[in-house]
Amino acid sequence: MTRAPSSTAARENDDRSTYEAVIERLSKASVDKHWEPYKDIPWDDPEFLVDQSDPRWELPEVDRLGGHPWYLARSPETRARIGLWRVATAMKIGLQFENLLKRGLLNYAYRLPNGAPEFRYVYHETIEEGHHGMMFQEFVNRTKLPVRGMPGPLSLLAQVAPWIPLISTELFFVFVLGGEDPIDHVQRKVLKDDRAHHPLEETIMRIHIAEEARHISFARHYLRDRVPRMPRYRRLMLGVASPIILGIMARIMLAPPGPMIRRFAIPRDVVAEVYLRDPAAKREIRDSVGRTRELCSEIGLVNALTRRIWQVMGIWA
Ligand SMILES: [Fe+2]
Ligand SMILES: [Fe+2]
């Protein structure tokens, strides 16, 4: 016997309960599997101490700068310090992004009605991001390098991010994916290359990847639930804003640190060659937003007009 097609209302109910079950599962997983930086990382273990000249910090050859003749001609100590500077800057920018993210999550949760399943999950996520911030800053402190995070003007502009949920929660979760996806992409890639990693870096990355998987999953499910039900004009506006946000965020997350370029006097043409002109650098930026790009197509945020914006931002496949 063929089952009668369910009505739209029944289907929407089904979708809603599937979505709520996912949130419940993510909340439960946050209780069952989580880490605390000052309990679960043996910072003072001799194996975990950070030595600036440890060759394990050297950039791999697959890194565009790491494979460049200019880099290979430096002393082993300088190569290690440059590599450590890169890692520490990524963590510093990561913790600044997550600071904005936490404030935005709290602004979102502030207005949630009683009984909303998102409330508990968003608090779990905020707490985990609090742990990540401490973990990243502790690492940066232990490198004893004067790394800075986002450049000043950008950092000033970024202060609007926590207020995005007041205008559009959907746009806010696109911003969330814009930061989390590139970080996750890079960390997974680093762990997959078969080089010897410093155990502190490896531990931090493993903890981060495991917890971020939930954060990314929540943002994706939230957008899948909400975007198809948005009024057409709001969906079009989101479709226009998303590639702009994602293109900018990916570059912020993957950009080479200015203070490092100055400190090691990396020649201008080397920087331009490895970070701007190299097709592999452009591919890396496109790849780092790959999963979010697919999601945007799936939920109806890509049409002839918005596809053009993705292309202009250099993040279309
Ligand atoms: Fe995080
Ligand atoms: Fe996160």
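Remember, it's 1-based here, ligands and their atoms both numbered in the order they're listed.
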With the Fe ion (ligand 1) as the point of reference, which N/O/S atom of Glu212 is the closest? OE2

Is the Fe ion (ligand 2) under 2.8 Å from any N, O or S atom of Glu180? yes

With side chains defined as the heavy atoms from C-beta onward, is the minimum distance between Ser288 and Leu254 less than 4.5 Å? yes

N, O or S of Glu128 under 2.8 Å from the Fe ion (ligand 2): no

Look at the aromatic rings of His198 and Trp57 and report parallel, tilted or perpendicular, splitting at 30° and 60°. parallel

Side-chain donor/acceptor of Asn107 to backbone N/O of Pro165, under 3.5 Å: no

Less than 4.5 Å apart, any side-chain heavy atom of Tyr110 and any of Phe119? no

Looking only at atom types and distance, does a side-chain atom of Arg293 sit under 3.5 Å from a main-chain N or O of Arg286, one as donor and one as acceptor? yes

Between atom CZ of Phe172 and atom CD1 of Ile167, what is the distance when rounded to the nearest 0.5 Å? 11.5 Å

Of all the atoms in Glu129, is at least one N, O or S atom closer to the Fe ion (ligand 2) than 2.8 Å? yes

What N/O/S atom of His215 is the closest to the Fe ion (ligand 2)? ND1

N, O or S atom of His132 closer to the Fe ion (ligand 1) than 2.8 Å: yes

The Fe ion (ligand 1) -> Glu98, closest N, O or S atom is OE2

